[in-house]
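In each ligand, atom 1 is the first atom listed, and ligand 1 is the first ligand listed.
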Amino acid sequence: MVVGDFPVEVDTLIIGSGPGGYVAAIRAAQLGQKVTIVERDYVGGVCLNVGCIPSKALIEAGHRYHNATNSDDMGISVGDVKLDFTKVQEWKGSVVDKLTGGVEGLLKGNNVELVRGEAYFMDDSTAKIMDDKSSQTYKFNNCIIATGSRPIELPKFKFIEGKVMSSTGALKLDKVPEKMLVIGGGYIGVELGSAYADLGAEVTILEGTKQILPGFEKQMSQLVSKRLKNKGVTIKTEAFAQEMEETDNGVKVTAEIKGKNEDFEADVLLVTVGRKPNTDELGLEQAGIEVDDKGLVKIDKQCRTSASNIYAIGDIVQGPALAHKASYEAKVAAEAISGQPTEIDYTAIPEVVFSGPELAQVGLTEAQAKDEGYDVVASKFPFQANGRALSLNDSEGFMKMVTRKEDGLVLGVQIAGHNASDMISEACVAIEAGMTAEDLALTIHAHPSLGEITMETAEVAIGHPVHIVK
Ligand SMILES: Cc1cc2nc3c(=O)[nH]c(=O)nc-3n(C[C@H](O)[C@H](O)[C@H](O)COP(=O)(O)OP(=O)(O)OC[C@H]3O[C@@H](n4cnc5c(N)ncnc54)[C@H](O)[C@@H]3O)c2cc1C
């Protein structure tokens, strides 16, 4: 990095290279801007390095191992199945490396300048970029902040290397723990807990509310609880972890469960109780950027902050902390800077849990639609009535479609079942395009495929399903 008193002048400065930042950089460059992106840690952000990608890789390794030892009903029995966890970790690392290398290549290919260091605002048009050795002032015309989030550390459950950890620590364990205790039954806790259960750990999940995955309908989360319990996972709901004590082998946690105290011992404690926006050490106040009481940056419909040339996207603004939401806002912000008449519309942002079975939802649930005053029809179709699901030997689950009664407009879709993460995309398109159940029912879907479930649920909605009796 150049050291000097003279500021380096840049056109559009992007802070953070996660799915928000790097996508914003590429889109802004495509629209003719001269872009500089700054990253203090890993290119690709949380998602590629310590989030979505490594967690999905670990989940897949768990599935393969679990299936290798649990396919007797399909006539497949294997003798000695071995798990080399070091190799699993190496493979996972190679997936991450491929993708982060790909992002660096894309930035370069779009002539985006990548600067390593930590950005700090001096005012609304200058930021200092610092690394261990030096500091350089950058003057920008426009800026997009995409600094993401970090795990919340609970005061009584401070992280201890190898024993008490966030998702980042849990993703880089060097061996499968014998006993893993998870505080927090949200999607990160459930995904990592079930991956390690598949890989052989004895897992317990403590969740404060009445169900794990509280953002999903009860019937959906119950399917996940049932599958986890079948794998030997213990789930305690309405359970509040109170104290922690270090032991020779790990930790002992005392939790209050429905008014009574219970102790849990584990060699590894994973704390996944939420994430905190990285907005506290950025000098935002010096640039005149307002944040709310949760530390989230306030933005308008074009992701513009209270400083008119500075935009904010991703985990540091309102809404679900998801990678695809960050990337979506990235495009809106980049286009807004380029003067395009664009604005955010969160109607069709899908939410997915890579649990067993997978859960996915988009748009409104039945209760939300009713709350918003819609007269609705809620239609369901079971995976058991789908040939592909049966041939995959994974037929537990259902799709639910919420449509407007007067005209069948698709308002929301919830799916619990195999590959729900992929199936939800069709529902996103339907909602985004303002399609009705009839449109979906009239669309020819390949047979046999899980996609047919969308067509069949739409047929239930319009009153004449073929493969279930009304
Ligand atoms: C275990 C786990 C699993 C997840 N799984 C999924 C999933 O399956 N699907 C999904 O959609 N989402 C998932 N997420 C959430 C997803 O990772 C985030 O929503 C997404 O990464 C947010 O993108 P972002 O661009 O806002 O920020 P981030 O990805 O957090 O990137 C921000 C970047 O900014 C850098 N930075 C911060 N401050 C500065 C500074 N001052 N100067 C320079 N650089 C800075 C950081 O180093 C970081 O690289 C998961 C998260 C975790 C933890």
So, does [X] sit close enough to ligand 1 that a heavy atom of it is under 4.0 Å from the ligand?
{"X": "Gly117", "result": "yes"}
{"X": "Glu281", "result": "no"}
{"X": "Tyr22", "result": "no"}

Distance to 0.1 Å, residue and atom name: give those for the protein heavy atom nearest to [atom].
{"atom": "atom 9 (N) of ligand 1", "result": "Cys52 SG, 3.8 Å"}
{"atom": "atom 27 (O) of ligand 1", "result": "Gly148 CA, 3.2 Å"}
{"atom": "atom 39 (C) of ligand 1", "result": "Thr147 CG2, 3.6 Å"}
{"atom": "atom 42 (N) of ligand 1", "result": "Ala119 N, 2.9 Å"}
{"atom": "atom 19 (O) of ligand 1", "result": "Asp315 OD1, 2.8 Å"}
{"atom": "atom 51 (C) of ligand 1", "result": "Tyr187 OH, 3.8 Å"}
{"atom": "atom 34 (O) of ligand 1", "result": "Gly16 CA, 3.2 Å"}
{"atom": "atom 47 (O) of ligand 1", "result": "Glu39 OE2, 2.7 Å"}

Using heavy-atom distances only, which candidate in [options] approaches [atom] most closely?
{"atom": "atom 53 (C) of ligand 1", "options": "Arg275, Arg150, Arg40", "result": "Arg275"}
{"atom": "atom 32 (C) of ligand 1", "options": "Ala146, Gly45, Ala326, Ala127", "result": "Ala146"}
{"atom": "atom 10 (C) of ligand 1", "options": "Ala323, Gly20, Ser421, Gly18", "result": "Ala323"}

Heavy-atom distances under 4.0 Å decide this one: backbone, side chain, both or neither, for [X] against ligand 1?
{"X": "Val46", "value": "both"}
{"X": "Ser149", "value": "backbone"}
{"X": "Lys56", "value": "side chain"}
{"X": "Ser55", "value": "side chain"}
{"X": "Ser167", "value": "side chain"}
{"X": "Leu282", "value": "side chain"}
{"X": "Ile15", "value": "side chain"}

What heavy-atom pair brings [X] and [Y] nearest, and what distance separates the two atoms?
{"X": "Met165", "Y": "Ala170", "answer": "SD-N, 3.5 Å"}
{"X": "Val362", "Y": "Ala427", "answer": "CG1-CB, 3.8 Å"}
{"X": "Val253", "Y": "Phe157", "answer": "CG1-CE2, 4.1 Å"}
{"X": "Val8", "Y": "Gln136", "answer": "CG2-NE2, 3.5 Å"}

Neighbour count >12 (heavy atoms, 6.0 Å) for atom CD, Glu178
no
Do the charged groups of Glu329 and Lys325 touch, with an N to O distance under 4.0 Å?
yes
Establish, from distance only, whether the side-chain atoms of Thr209 and Glu207 form a donor-acceptor pair under 3.5 Å.
yes
Any luck finding a side-chain donor-acceptor pair between Asp131 and Ser134 under 3.5 Å?
yes
Compare all side-chain heavy atoms of Ile299 with those of Gln318 and state whether any distance is below 4.5 angstrom.
yes
